[in-house]
> 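Next up is a structure, given as structure tokens.
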Amino acid sequence: MEKPIKSEPLATGLNQPNIHKTALFFKRLLQQKTLAFMCIPFVLWAFVFKYMPLWGWTMAFQKFKASRTFAEQEWVGWQHFQFLFSDNSFYRVLRNTIVMSSIKLVLGFVTAITLALLLNELKNIVFKRFVQTVSYLPHFISWVVASSIVLTVLSPDGIVNLLLTKLGILDNPVLWMSKGHYFWGILGATEVWKEVGWNTIIYLAAITAIDPSQYEAAEIDGANRLQRMLSITLPGLKPVIIILLIMNMGHILESGFEAQYLLGNGMNQDYSENLDIFVLKYGIGMGNFSLGTAAGIFKTVVSFFFLFSANYMAKRMGESRLF
Amino acid sequence: MLALKKSRLRRRSLGDRLFDYGNIVFMIGLMIVTIYPFVNMIAVSFNDANDAVRGGIYLWPRLWTLDNYSYIFGESDIYHATLISFLRTVLGTIVSVFCTAMLAFTISRQEFVLRKAVTMFFVFTMYFSGGLIPTYLLIRDLGLINSFWVYIFPGIIGVFNMIVIRSFIEGLPDGILESARIDGAGEFTTFVRVVLPLTIPAMATVSLFVAVGQWNSWFDVFLYNSSNIKLSTLQYELMKILQTSTTAATASAGDIYQSQGGSGTSVTPTSIRATMTIIASVPILMVYPFVQRYFVQGMTLGGVKG
């Protein structure tokens, strides 16, 4: 009984400046009311459009029927998750997601770094600018347009089949889009075609930070071009490469959606369907909101875990943190 | 030292020069691979449709015609979709950039008591989202399905753009905002009259990204407005053509379009698709060379992390 009595004056003593602080806060807020009015509408917007959907996660634990109110929904616990993990098509979709994002990651890195190194070796600045301008272009066109281009280029009488048959590599034109096992390759190549130029920007910016005297020293020591590229430029890019690599590891379940959806068809769906398409198909297409939400939650939670691990790794390695 | 360097340069080895030539050839190859598909599409779109079926059109049309374009713009649906595409791009960009800049301005003010809380509130949304289905149901409950506003409202604030503009405002000289305040300008006046004109470089970049995003998007049309042709956009119309032609290509049900085009005018699925592809990318192809440097600037602006 003694203790609480004793601590009472202490507590009020602590409370006093707190009250003061709150009063001060509101006083300052009142002074800054124009600023507050300028941002509160957007805070409300974010609450509605970004935070309220999080409430929808409850659907994954219900047998959700849109006609019922929240109180009337039937709760089913982890049933939808159990169904997911016993469903073979879910594992296939998961495999496709991870394989496609890995292909994207590795191919994207290798090609962008190589192109940046080669662009850096161009001596004619005007030519270099021109190549850069051209190579950034596909980044800005929509995936719909890009897919249309891919379908044209890979059609039976398209340029790829034409070149391959003329060169004698193929005897007959191949129906590229109807053979499932080509899909990952096609997607990887498309991704490179669209993004490689744009992805060089960050590397080229990092290259300009490399001390030019290193190159002069190496030149005097008789290092040739390739040696200079591999032992000065590439190591100079190491910090950027590491940070981007870690950052992208956090997106391992983000294999993209548009390309797979637009290029996918009945013949290659065993290879093209990823998690996002799965969610769309079950959730919107078949109206199974609960199952779709469960798959979506799985993706968000795993991604969040990867992102945090990536951030932690970056911190441990002494690189600047991402957030 | 200089002489040594010069003599080294003059005696460039054979390997060195071979590397340079090889590199240039590679770059030209890269440019061809990048540009060829567009050139080919343009050629097919300006070529007579029935003639194009014979194949063999690569860089230049064989039989020049404008029929494909006049056919497509003769379709009132496509004409309307073009208008909607332009409208959502213009309106969406203006609204989003203005609102994002206003929000960025408030959280750039060091003395603002809500600064930290508001910033965190928005940054959190970059890493967590409700996902497709909860968002879809929300939009449905808000009554935004079958409405033009679904193209504008959900994208009012771009959090990444907010950070970019905030960094830019914070980089402005301190005295400017101070002197505006001494002159008696309120916060909103300061924002509109002083901050907006000074952040034009950042705003230009952000606007371009938002505009490209608006022009290129089709998924929101597909998800929310696919039942209403009056709200369709160019990208979505092209997407529909794409979907029929993938089925046609794989299931060899080639005459889906033939029947449509067979009524008088001579168009084929191939020419329609090529023409639509060009129409859907023409604003970007036209504007891109002139604004390209702003995009690259944006990348470096974005490097300034929150």
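Every chain is numbered from 1, with letters handed out A, B, ... down the list of sequences.
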> Is it the side chain or the backbone of B:Phe112 that comes within 4.5 Å of chain A heavy atoms, both, or neither?
both
> Heavy-atom distance under 4.5 Å between the side chains of A:Leu280 and B:Leu223, does that happen here?
yes
> CD of B:Glu187 to CD of A:Gln32: how many Å apart, nearest 0.5 Å?
7.5 Å
> Could you look at B:Ile157 and say if it's the side chain, the backbone, both or neither that has a heavy atom under 4.5 Å from chain A?
both
> Considering non-hydrogen atoms only, spot the tightest contact between B:Asn216 and A:Phe140 and give its length.
ND2-O, 2.8 Å
> Can we call the ring centroids of B:Phe222 and A:Tyr261 under 6.0 Å apart?
yes
> Look at atom CZ of A:Phe304 and say whether more than 12 heavy atoms of other residues, nucleotides or ligands are closer to it than 6.0 Å.
yes
> How about OH on B:Tyr21, more than 12 heavy atoms from neighbouring residues, nucleotides or ligands closer than 6.0 Å, or not?
no
> Let's go through A:Leu119 and B:Asn23 carefully: what are the C-alpha distance in whole Å and the side-chain angles of both, what is the deciding distance for side chain to side chain contact (heavy atoms under 4.5 Å, CB included) to 0.1 Å, and is it a yes or a no?
CA-CA 8 Å; A:Leu119 276 169; B:Asn23 200 8; over 6 Å; no
> Can you confirm whether A:Ser135 sits close enough to B:Met31 that some side-chain heavy atom of one is under 4.5 Å from a side-chain heavy atom of the other?
no
> Whether the side chain of B:Tyr58 engages the backbone of A:Ile159 through a donor-acceptor N/O pair (distance < 3.5 Å, no angle test) should be reported.
no
> With only heavy atoms counted, which part of A:Leu162 is less than 4.5 Å from chain B, the side chain, the backbone, both or neither?
side chain
> Around A:Phe130, counting heavy atoms of other residues, nucleotides and ligands shown, do more than 12 lie under 6.0 Å from its CZ?
no
> In terms of heavy-atom pairs under 4.5 Å, which option from B:Met126, B:Arg273, B:Met239 contacts chain A the most?
B:Arg273
> Answer yes or no: is there a side-chain heavy-atom contact under 4.5 Å between B:Pro37 and A:Thr152?
no
> With heavy-atom distances below 4.5 Å as the criterion, would you say the side chains of B:Trp218 and A:Leu262 are in contact?
yes
> Return the option, out of A:Leu54, A:Ile141, A:Thr133, A:Ile40, with the maximum number of heavy-atom pairs under 4.5 Å with chain B.
A:Thr133
> For B:Leu142, is it the side chain, the backbone, both, or neither that has a heavy atom closer than 4.5 Å to a heavy atom of chain A?
side chain
> Can you tell which part of A:Phe37 gets under 4.5 Å to a heavy atom of chain B, answering side chain, backbone, both or neither?
neither
> Whether the side chain of B:Asp16 engages the backbone of A:Asn224 through a donor-acceptor N/O pair (distance < 3.5 Å, no angle test) should be reported.
no
> Just so I understand: if I count every heavy-atom pair under 4.5 Å between each of B:Gly131, B:Gly15, B:Pro289, B:Ser129 and chain A, which residue has the most?
B:Ser129
> Rounded to the nearest 0.5 Å, how far does CZ of A:Arg225 lie from CZ of B:Arg17?
12.0 Å
> Need one label for B:Ile107: side chain, backbone, both or neither, based on atoms under 4.5 Å from any heavy atom in chain A.
neither
> Using non-hydrogen atoms and a 4.5 Å limit, figure out which bit of B:Ile35 sits close to chain A: side chain, backbone, both or neither.
side chain
> For chain A, find which of B:Ile133, B:Val33, B:Val212 contributes the most heavy-atom pairs closer than 4.5 angstrom.
B:Ile133
> Report which part of A:Phe64 has an atom under 4.5 Å of a heavy atom belonging to chain B: side chain, backbone, both, or neither.
side chain
> B:Phe128 pairs by ring pair (Phe, Tyr, Trp, His ring centres under 6.0 Å) with which of A:Tyr51, A:Trp57, A:Phe308?
A:Trp57
> Side chain, backbone, both or neither: which part of B:Asp141 has a heavy atom under 4.5 Å from chain A?
neither
> State whether the number of non-hydrogen atoms from other residues, nucleotides or ligands found under 6.0 Å of A:Phe305 atom CZ is greater than 12.
no
> Let me see the working for B:Glu111 and A:Arg28 under side chain to side chain contact (heavy atoms under 4.5 Å, CB included), right down to the final yes or no.
CA-CA 9 Å; B:Glu111 74 278 16; A:Arg28 290 188 62 194; 4.0 Å; yes
> When heavy-atom pairs shorter than 4.5 Å are enumerated against chain B, which of A:Glu258, A:Arg129, A:Gln31 gives the highest number?
A:Glu258
> Given the options A:Val150, A:Val144, A:Val196, A:Val301, which has more heavy-atom pairs under 4.5 Å with chain B than any of the others?
A:Val144
> Assess whether side chain to side chain contact (heavy atoms under 4.5 Å, CB included) is satisfied between A:Met38 and B:Phe191, documenting all intermediate values.
CA-CA 10 Å; A:Met38 282 166 78; B:Phe191 168 67; 3.8 Å; yes
> Which one, A:Thr34, A:Val48, A:Ile149, leads in non-hydrogen pairs under 4.5 Å with chain B?
A:Ile149
> So B:Leu285 and A:Leu137, do their side chains get closer than 4.5 Å, heavy atoms only?
yes
> Could you check if a side-chain atom of A:Thr114 sits within less than 4.5 angstrom of a side-chain atom of B:Phe26, using non-hydrogen atoms only?
no
> After noting the C-alpha distance and the side-chain angles of B:Phe153 and A:Phe49, does the key distance pass the ring-ring contact (aromatic ring centres under 6.0 Å, His included) rule?
CA-CA 9 Å; B:Phe153 285 150; A:Phe49 282 97; 7.1 Å; no
> State, with a plain yes or no, whether a side-chain heavy atom of B:Leu137 is found less than 4.5 Å away from one of A:Met59.
yes
> For chain B, which candidate among A:Asp157, A:Val43, A:Leu115 shows the most heavy-atom pairs at distances under 4.5 Å?
A:Val43
> A side-chain contact here means heavy atoms from C-beta on lying under 4.5 Å apart; do A:Val145 and B:Ile278 qualify?
no
> Determine whether B:Phe19 and A:Met229 satisfy the following criterion, side chain to side chain contact (heavy atoms under 4.5 Å, CB included), listing intermediate values before the conclusion.
CA-CA 12 Å; B:Phe19 176 89; A:Met229 268 165 73; 3.6 Å; yes
> What do you reckon, is CZ of A:Phe306 surrounded by more than 12 foreign heavy atoms closer than 6.0 Å?
no
> Heavy-atom cut-off 4.5 Å, strictly under: side chain, backbone, both or neither for B:Phe121 against chain A?
both
> Heavy-atom distance under 4.5 Å to chain B: side chain of A:Ser148, backbone, both or neither?
both
> Does one side chain, of B:Gln235 or A:Trp143, offer a donor that lies under 3.5 Å from an acceptor on the other?
no
> Which residues in residues 288-298 of chain A have any heavy atom closer than 4.5 Å to a heavy atom of chain B?
A:Phe289, A:Gly292, A:Thr293
> B:Leu132 versus chain A, heavy atoms under 4.5 Å apart: side chain, backbone, both or neither?
side chain
> Out of A:Gly56, A:Ser147, A:Ala66, A:Pro53, return the one with the most heavy atom pairs under 4.5 angstrom to chain B.
A:Pro53
> Taking CZ in A:Phe26 as the centre, count heavy atoms belonging to other residues, nucleotides or ligands within less than 6.0 Å. Is the count above 12?
no
> How about A:Lys179: does its NZ atom have over 12 heavy atoms from other parts shown lying under 6.0 Å from it?
yes
> Which atoms of B:Leu144 are under 4.5 Å from chain A, going by heavy atoms: the side chain, the backbone, both sets, or neither?
side chain
> Please flag which part of B:Met41 lies under 4.5 Å from any non-hydrogen atom of chain A: side chain, backbone, both or neither.
side chain
